[in-house]
Amino acid sequence: MSTVASAKEARKPKSTPRLENRQRPIWLRRVRHRLSGVLLIAFTLFMLLPILMIVNLSLRPATDRATGALDPPSHLAWSNYVDVFHQMNYLSSAGNTLLITAASATLVVLTGSSSAWAIARHTRGWTTWAYRLFLSGLTIPVFVLLTPLFVLMRDLNLLDNLLSVILANSALNLPLAVVFYSSFLRSVPTELEDAAAVDGCGLFGTYWHIVLPLLAPATATVTIFISLATWNDLILPLVFLSSPEKTTVILSVYDFLGIGGRFQTAQLFPAVVLASLPLFILFLVLQRHIVAGITAGMGKG
Amino acid sequence: MRFTNRSAILFMLPAAALFGLFVVYPTMRGLAMSLTDAQGVVGGNFVGPANYVRLLHDVDFANALRNTLLFAAVIVIVQNALGIAIASWMRNQNGVRKLVRSTLLLPTMMAFVVVGYVWSFVYSPLGGPINSLLTFVHLGSLQQVWLGDTKTALLAIAATSIWMYLGYTTTIYLAGYLSIPSDVSEAATIDGATGWARFRYIDWPLLAPALTVSITLSSIGSLRIFELPFVMSGGGPAGATDTLSYLVYRISFNAFNFGYGTAIATGLLIVTAVLAAVVTTLLRRREVSA
């Protein structure tokens, strides 16, 4: 190290007034590094402020005089949550949303992986075109097909039925899964599948016992992304569902709060927390997979 | 793998059926519908390209197109610049890196509508958090009616969107930074490359793959911005935050003018496809040369 440093010293142009960080004493470098870290955390907290505000205000009793957003409440008004829980019919809407999410994820994982397997392993002209078709599906704005989709669901007698949301949602999320699974499979050698074939395992058996387990990490990521999109979706439930017992969490938040009106903090913020908490928990538990999905195919993260 | 054409078709059938019936078919019908004057959900006579001609002369469409492109430009540029800056800040901080990344990703887990409501509150003109903060630091004269002023509404909503997805963008660029081979970094350090020169000649070219991914995703995503203007400003004030998606919603589902609404949606589709193609081609070319 010292030889490199002294060689560098020898090459350093005499006219440079400012020292580079490497040439400063070590203790100063450490201080700068620490300071940089502290500032980074400060910035992160700054970005977190709205969420802290949400939690804080959700526990503020309605009787508290309206003060600063981050002033702590006089007492923790858990009753806010109880009230909103009932007004939003949370149990029912969460149950519906969970059903829609689980069904969509299952459907997409099964159809997407089987399709991607065929595309990745059977490279012909037509499979490439099928892949491109799925790929283009990623750029279609939902509004282009929303009206005809509504008509279709009506003709299939599926309006106000959770199934309409499940089917439409699955179809819209398929491209992501197919693309993801295909790229994953292309980087996996075929040895296990070939071995299964040699052992006399049929195509479907190979799929079920070899390929699906092999795809587990990709499935984890795909499931998470679909769950995220499905849980947070407003448009499909808004268009297809109408009965109160068929509502989803986000839809009920929208019904509850309306458009740009005046609402009490004691109503708004518990609703926000109730709507976001399941996904926050999912995120905290599965962070690794979420980051892996975001940085897919880009090397280290 | 011994797939035959027949078995491959069999395996692709479920996905093809699902996708074909619920995405491809409605899209085709939508395009067909845009060539009619359908009001309400049934009927409508074939009018050929009349809707598209109307589109080209429509002031509302031009306004929505302008706003949508403006949203996309602001969001893509600011979000990516900030993402790169924060990622470069994070890359050497091994200790707090994962915590920071996870915290920044939290807003991404929230629904658009929910974020919209929260930030409508944050932007409240009388005693809302932002205006109160400005007063508190004696900058009270800078207070605005953020969502009610045509000059600030679009930027305010863009800022909300950036808050939501900054963590996502930062994660992508952090991965990009961390995938710069260590021998390249070391060679650069030994050769005395620091600061801006280092960024320009070492980091920036090697971040090309991350740039492609992030810019493509953020541009496609921001072009279809709907829920935020829907919940925060209703496309106002005076159409200042009216976007193409919101216009489609208004025309199709409020005015029930399905034929014209779908034509606008097709316009949005074309804009998205063209932009995606341009962006991808430009960025891919950079990737190869870098």
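Throughout, a chain's letter reflects where its sequence line sits, starting with A, and its residues are numbered from 1. Since the structure is predicted, the reported quantities are computational estimates derived from the model, not experimental observations.
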Visitor: By a 4.5 Å heavy-atom criterion (distance strictly below it), what part of B:Val23 contacts chain A: side chain, backbone, both, or neither?
Guide: both
Visitor: Is it true that the side chains of A:Thr230 and A:Ser227 contain a donor and an acceptor less than 3.5 Å apart?
Guide: no
Visitor: Is there side-chain contact between A:Arg29 and A:Arg32, with at least one heavy-atom pair below 4.5 Å?
Guide: no
Visitor: Is B:Tyr249 close to chain A through its backbone or its side chain, or both, or neither, when contacts mean heavy atoms under 4.5 Å?
Guide: both
Visitor: For A:Tyr181 and A:Trp117: C-alpha separation, side-chain torsions, deciding distance, then whether ring-ring contact (aromatic ring centres under 6.0 Å, His included) applies.
Guide: CA-CA 8 Å; A:Tyr181 277 132; A:Trp117 189 42; over 10 Å; no
Visitor: So for atom CZ, which belongs to A:Arg124, do other residues, nucleotides or ligands contribute more than 12 heavy atoms lying within a distance under 6.0 Å?
Guide: yes
Visitor: With chain B, which of A:Ser276, A:Pro141, A:Ser170 has the greatest number of heavy-atom pairs at distances under 4.5 Å?
Guide: A:Pro141
Visitor: Heavy-atom distances under 4.5 Å only: say whether A:Ile54 touches chain B with side chain, backbone, both or neither.
Guide: side chain
Visitor: A side-chain contact here means heavy atoms from C-beta on lying under 4.5 Å apart; do B:Phe112 and B:Met164 qualify?
Guide: yes
Visitor: Would a 4.5 Å heavy-atom cut-off, applied to side chains only, mark A:Leu203 and B:Phe11 as touching?
Guide: yes
Visitor: Side chain, backbone, both or neither: which part of B:Thr262 has a heavy atom under 4.5 Å from chain A?
Guide: side chain
Visitor: Could you tell me which portion of B:Met90 (side chain, backbone, both or neither) has an atom closer than 4.5 angstrom to a non-hydrogen atom of chain A?
Guide: both
Visitor: A:Leu284 versus chain B, heavy atoms under 4.5 Å apart: side chain, backbone, both or neither?
Guide: neither
Visitor: At a heavy-atom distance under 4.5 Å, which candidate from A:Leu279, A:Ile140, A:Leu45 has the highest pair count against chain B?
Guide: A:Ile140
Visitor: Any donor and acceptor pair, going by atom type alone, linking the side chain of A:Ser164 with main-chain N or O of A:Leu158 inside 3.5 Å?
Guide: yes
Visitor: Is there a donor-acceptor pair under 3.5 Å between the side chain of B:Thr36 and the backbone N or O of B:Ala32?
Guide: no
Visitor: Between chain A and each of B:Leu13, B:Val115, B:Asn92, B:Val100, count heavy-atom pairs under 4.5 Å; write down the option with the most.
Guide: B:Val100
Visitor: Sort B:Ser252 into side chain, backbone, both or neither according to what part of it lies under 4.5 angstrom from a heavy atom of chain A.
Guide: side chain
Visitor: Counting only non-hydrogen atoms closer than 4.5 Å, does B:Ser34 touch chain A with its backbone (N, CA, C, O), its side chain (CB onward), both, or neither?
Guide: neither
Visitor: So, for B:Leu217 and B:Ile172, which heavy atoms are closest and what is the spacing to 0.1 Å?
Guide: CD1-CD1, 4.3 Å
Visitor: Taking side chain as everything from C-beta outward and backbone as N, CA, C, O, which of these in B:Ala273 sits under 4.5 Å from a heavy atom of chain A? Side chain, backbone, both or neither.
Guide: neither
Visitor: With a 4.5 angstrom heavy-atom cut-off, which part of B:Phe253 approaches chain A: side chain, backbone, both or neither?
Guide: side chain
Visitor: Picking from A:Pro50, A:Ser136, A:Ser113, which has the most non-hydrogen pairs under 4.5 angstrom with chain B?
Guide: A:Pro50
Visitor: Is there a side-chain contact between B:Gln93 and A:Ser36 (heavy atoms, below 4.5 Å)?
Guide: yes
Visitor: Given that the side chain runs from C-beta out, which part of B:Ile220 has a heavy atom under 4.5 Å from chain A: side chain, backbone, both or neither?
Guide: side chain
Visitor: Do you know which of B:Ala265, B:Ala111, B:Gly261 has the most heavy-atom pairs with chain A at a distance under 4.5 angstrom?
Guide: B:Ala111
Visitor: What I'd like to find out is whether the side chain of B:Trp163 reaches to under 4.5 Å of the side chain of B:Met110, using heavy atoms alone.
Guide: yes
Visitor: Are B:Ile180 and B:Arg91 side-chain neighbours, meaning at least one heavy-atom pair lies under 4.5 Å?
Guide: yes
Visitor: Let's test your reading of the structure: which of A:Ala130, A:Pro175, A:Pro148, A:Ala116 forms the most heavy-atom pairs below 4.5 Å with chain B?
Guide: A:Pro148
Visitor: What part of A:Leu172 is in contact with chain B, defined as an atom under 4.5 angstrom from a non-hydrogen atom: side chain, backbone, both or neither?
Guide: both
Visitor: Need one label for A:Trp126: side chain, backbone, both or neither, based on atoms under 4.5 Å from any heavy atom in chain B.
Guide: side chain
Visitor: Most heavy-atom pairs under 4.5 angstrom with chain A, which of B:Ser102, B:Ser124, B:Ala263?
Guide: B:Ser102
Visitor: Quick one: of B:Val118, B:Leu244, B:Thr272, who has the most non-hydrogen atom pairs under 4.5 Å with chain A?
Guide: B:Val118
Visitor: Does any non-hydrogen side-chain atom of A:Met53 lie less than 4.5 Å from one of B:Phe121?
Guide: yes
Visitor: Are any non-hydrogen side-chain atoms of A:Ile294 and B:Leu105 less than 4.5 angstrom apart?
Guide: yes
Visitor: Heavy atoms only, distances under 4.5 angstrom: which of B:Arg29, B:Glu227, B:Arg224 has the most pairs with chain A? Name it, please.
Guide: B:Arg224
Visitor: Counting only non-hydrogen atoms closer than 4.5 Å, does A:Leu156 touch chain B with its backbone (N, CA, C, O), its side chain (CB onward), both, or neither?
Guide: side chain
Visitor: So which of A:Val249, A:Leu48, A:Leu167, A:Leu107 has the largest heavy-atom pair count under 4.5 angstrom toward chain B?
Guide: A:Leu167
Visitor: Just so I understand: if I count every heavy-atom pair under 4.5 Å between each of A:Leu110, A:Ile51, A:Ile250 and chain B, which residue has the most?
Guide: A:Ile51
Visitor: So for atom CG, which belongs to B:Leu126, do other residues, nucleotides or ligands contribute more than 12 heavy atoms lying within a distance under 6.0 Å?
Guide: no
Visitor: Picking from B:Ser132, B:Gly20, B:Ser245, which has the most non-hydrogen pairs under 4.5 angstrom with chain A?
Guide: B:Ser245
Visitor: Under 4.5 Å from any heavy atom of chain B, what part of A:Phe46 do you find: side chain, backbone, both or neither?
Guide: neither
Visitor: Quick one: do A:Tyr254 and B:Tyr117 satisfy ring-ring contact (aromatic ring centres under 6.0 Å, His included)? Show the steps, please.
Guide: CA-CA 9 Å; A:Tyr254 170 71; B:Tyr117 285 130; 7.3 Å; no
